[in-house]
Amino acid sequence: MTNNKGQKLQQAATPNEAVEAIQALVAQAQPASDDVITALIGALSHHHPAVPAAAVDGLVELASASVNPLIAAFDASGDQAVQAHIIQALARIGDPKALSLLEDVVGTSVANHCQGNVRRVAARGLGRIGSLAKDAAIISQAIDKLTWALLTPEDWALRYAAIASLQDIAQPEVMPPLQQALTQESDRVVQARLNRAIAQLPFKRWVKAPTLFSWEMKPSEPSR
């Protein structure tokens, strides 16, 4: 049955047929086979935007089987559009196995607008990984790269994405870089996003202890 659905995807004559074939593949792929994941990754190169969008949705739904093949496909592909779809899928999944790849993409030198967009998606993926992870080392690694993205690049939209991701992670360690960024940020849109993130995070400002500075949780609002 799966092979038949895969053939329907390959033989689809219109984008609508391709999307329907993708949805049928995903619906019956429990658990997902290598052939299904390969077919979905292949659909990322389709010329009509609805088809790779459906394939990304399917790969996210089949996350337990798709992460490693997606990482391998990114390394093997020279097509920036396909790579962008792969990063979108991995960012939505938020699996720590993709952490190193997303870090690399965030730090990539930007040669065109497409690469800039991919960096921002990768930054949001780091935020998802950091917000879902239980391993302190993984959370710290994500925060470190997002701190770099917040304080270093000229791309204001990447800095904006880094703020949103640090807010998603919502650990005390995100407050110092956010406060530091506020002292050096010149873009008003990014400044506003910084202020909103700092105000909404559940931490006080600096609380001085006898030998160190630390962040403490804000007291809960009294019940009404």
Side-chain angles (χ1 to χ4, degrees), residues 1-106 108 114-115 117-135 137-139 141-142 145-146 161 164-165 168-169:
M1 183 69 70
T2 297
N3 288 338
N4 184 42
K5 297 296 183 183
Q7 290 174 358
K8 286 187 176 180
L9 175 56
Q10 293 176 353
Q11 297 168 0
T14 67
N16 285 341
E17 289 181 4
V19 169
E20 290 173 358
I22 287 170
Q23 292 171 341
L25 265 179
V26 174
Q28 297 186 6
Q30 300 295 340
S33 67
D34 292 342
D35 289 342
V36 169
I37 299 301
T38 299
L40 293 175
I41 291 175
L44 297 177
S45 61
H46 197 283
H47 67 278
H48 193 284
V51 178
V56 167
D57 288 343
L59 289 161
V60 172
E61 187 170 340
L62 302 176
S64 61
S66 67
V67 172
N68 287 333
L70 281 166
I71 294 170
F74 182 93
D75 293 336
S77 177
D79 187 320
Q80 288 187 2
V82 170
Q83 289 182 327
H85 292 309
I86 290 172
I87 294 302
Q88 182 182 12
L90 290 171
R92 287 173 57 185
I93 292 169
D95 191 299
K97 291 193 289 289
L99 179 60
S100 294
L101 174 57
L102 296 181
E103 283 184 305
D104 289 345
V105 172
V106 168
T108 299
C114 177
Q115 289 176 327
N117 285 337
V118 174
R119 291 175 86 195
R120 296 160 206 152
V121 173
R124 296 299 287 124
L126 290 177
R128 180 157 178 78
I129 290 173
S131 67
L132 295 175
K134 304 300 183 185
D135 186 327
I138 291 173
I139 297 171
Q141 191 173 342
K145 192 62 182 185
L146 289 167
S165 290
D168 287 346
I169 294 173

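With a 4.5 Å cut-off on side-chain heavy atoms, L90 and D95 do not count as touching. Under the 4.5 Å side-chain criterion, counting only non-hydrogen atoms from C-beta, I41 is in contact with P69. Residues D168 and R128 fail the side-chain proximity criterion, which asks for heavy atoms closer than 4.5 Å. Side-chain contact check for V26 versus L40: some heavy-atom pair is nearer than 4.5 Å. Using a 4.5 Å heavy-atom threshold, the side chains of Q141 and L99 count as touching. By the 4.5 Å heavy-atom criterion applied to side chains, I87 and L101 are counted as neighbours. Using a 4.5 Å heavy-atom cutoff, the side chains of L70 and I93 are in contact.
The minimum heavy-atom distance linking L146 with G127 is given by the pair CD1-N, 4.1 Å. H46 and P15 get closest at one heavy-atom pair: CE1-CG, 4.4 Å. For V60 against A89, the heavy-atom pair with the smallest separation is CG2-O, 3.8 Å. Looking at every heavy atom in both residues, A123 comes nearest to A161 through CB-CB, 4.1 Å. Nearest heavy atoms, A55 versus L44: CB-CD2, 3.8 Å. The two residues I22 and A43 have their closest heavy-atom pair at CD1-CB, 3.9 Å.
Between the CD atom in Q88 and the CZ atom in R124 there is a gap of 13.0 Å [rounded to 0.5 Å]. Once rounded to the nearest 0.5 Å, the distance linking CG of L126 with CD1 of I139 reads 13.0 Å. Here CD1 of I129 is found 8.5 Å from CD of E103. Values are rounded to the nearest 0.5 Å.
Within a 6.0 Å radius of CG in D34, other residues, nucleotides and ligands contribute 12 heavy atoms or fewer.
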Between R92 and V56, is a side chain to side chain contact (heavy atoms under 4.5 Å, CB included) present by the stated rule, with each step listed? CA-CA 9 Å; R92 287 173 57 185; V56 167; 3.5 Å; yes
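The only option from P49, P52, S45 that meets the side chain to side chain contact (heavy atoms under 4.5 Å, CB included) definition with H85 turns out to be P52.
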